[in-house]
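The next block holds one structure in the form of structure tokens; read it before the comments.
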Amino acid sequence: MADQLINQVMWPLIYILCIVLPLVVAVAMFVYWERKVIGWMHVRLGPNKIGPGGVLQAFADVVKLLVKEVILPTKANRFLYFMAPLIALVPALAAWAVVPFSGKMVLSNANAGILYLLAMTSMGVYGIIIAGWASNSRYALLGAMRSAAQVISYELAMGLCLVCVMVLAGSLNLSDIVNAQAGGKGLFDWFWLPLLPIFVIYFVSGVAETNRLPFDMAEGESEIVAGFHVEYSGSAFAIFFLAEYANMILVSFLASIFFLGGWLSPLQGWIHADAPGWISWLWTGGAIWLFIKAFVMSFFFLWFRATFPRYRYDQIMRLGWKVFIPIAIAWVFVAGLLKYYDLVSIGVGA
């Protein structure tokens with residue numbers, strides 16, 4: 001009985017903590033890296049006082065938010081007010097259950113992994129709506145409505161992009177999708193090449209869905225208040241902050257898995273498997289390749305923030321509905337033709 005309890009409860013809990021705890025630390029370090037990168041792009045130093053090179057600045061900010069008082073607005077719905085940050089955070093963490101870090105490193109190798117991802121990521125919008133409504137503020141409610149409309153609009157485009165990936169891979173399993181991109185041509189076997197417009201649409205939609213610049217209408221609500229979370233402070237605001245950055249990291253990993261070969265080496269097929277030393281590692285691939293690709297993709301989030309001005313809200317909605325969705329629908333048909341006529345090599349050498 002004790003062994004059964006350990007196998008069914010304790011080990012899954014340990015696996016979950018092995019994902020969640022590094023993710024929380026990664027969010028803190030990502031905030032530090034963002035401030036340093038934007039500082040360099042603006043020709044300034046960024047954080048440099050707390051810890052070596054300012055590396056502890058993000059942790060100091062966390063402590064500051066945790067010790068601040070959470071002020072409940074007058075006549076706000078107390079239960080929903082405190083539930084909204086959790087509703088935004090829990091799906092952002094739960095989505096990592098089906099993300100494969102390598103051929104063997106995955107918490108749940110579910111056959112319907114993409115459906116699970118779509119279900120989890122779409123639940124975050126409820127946290128936005130509930131936060132705006134429960135705050136008993138017109139500004140927060142209007143910000144929640146606009147943010148929710150933006151998130152839902154770009155989720156549609158992202159869903160259509162995943163349909164193209166599923167058509168080529170022939171599977172809903174994320175590990176199978178990565179293995180379908182294996183082959184003797186290295187990075188030219190990955191889905192970014194036949195699905196290049198879809199790759200761009202997916203990543204830009206991910207930027208919009210996470211409310212990041214230049215789509216950050218949640219933080220730039222009429223340039224006066226902070227959108228749906230304007231009435232939040234302290235640890236409650238910190239949870240919204242954590243959910244946003246966790247989603248950014250998640251989008252970076254998923255873009256790498258769906259379009260950039262996941263843990264596969266970009267040099268696979270170009271270097272002989274029996275090559276000595278670190279040269280053979282370049283061929284075999286592994287989790288380190290996935291982290292490198294995700295790091296590069298996450299860097300674009302920072303680059304966009306330091307470069308582009310904020311869109312108007314009507315421009316954001318026009319881009320999603322009149323540009324991204326029609327192109328994604330058309331490329332579903334293109335992906336079907338590529339699959340039907342075997343114009344894309346799937347899993348050769350996997």
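Being a predicted model, the structure only gives us computed values, none of them experimental.
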### Task
Return yes if a side-chain donor-acceptor contact under 3.5 Å exists between Asn173 and Asn109, otherwise no.
yes

### No-hydrogen, no-angle side-chain donor-acceptor test under 3.5 Å, Glu34 and Tyr245
yes

### Query
With a 4.5 Å limit on heavy-atom distance, are the side chains of Phe300 and Phe203 in contact?
yes

### Task
May I ask you to check whether Trp331 and Phe199 place their ring centers less than 6.0 Å from one another?
no

Using residues 46-61 as the side-chain source, report each donor-acceptor pair under 3.5 Å to any protein atom, sequence neighbours left out, with the distance given to one decimal.
{"residue": "Gln57", "atom": "NE2", "partner": "Asp61", "partner atom": "OD1", "Å": "3.1"}
{"residue": "Asp61", "atom": "OD2", "partner": "Arg35", "partner atom": "NH1", "Å": "2.9"}

#### Entry: Thr210 and Asn247: side chain donor to acceptor below 3.5 Å
no

### Message
Using the ring-ring contact (aromatic ring centres under 6.0 Å, His included) definition, which of the options Phe30, Trp289, Trp33 pairs with Phe295?
### Response
Trp33

### Query
Is any side-chain heavy atom of Tyr154 less than 4.5 Å from a side-chain heavy atom of Phe215?
yes

### Message
A side-chain contact here means heavy atoms from C-beta on lying under 4.5 Å apart; do Phe301 and Leu213 qualify?
### Response
no

### Message
Any non-hydrogen side-chain atom of Leu86 less than 4.5 Å from a side-chain atom of Ile239?
### Response
yes

#### Entry: Validation row: Phe253, Trp96 side chains within 4.5 angstrom (heavy atoms)
yes

### Message
Are the side chains of His229 and Phe241 in contact, using a 4.5 Å heavy-atom criterion?
### Response
no

### Query
Looking at Trp263, is Lys293 sitting on its ring face, NZ or CZ under 6.0 Å from the six-membered ring centre and within 45 degrees of the normal?
no

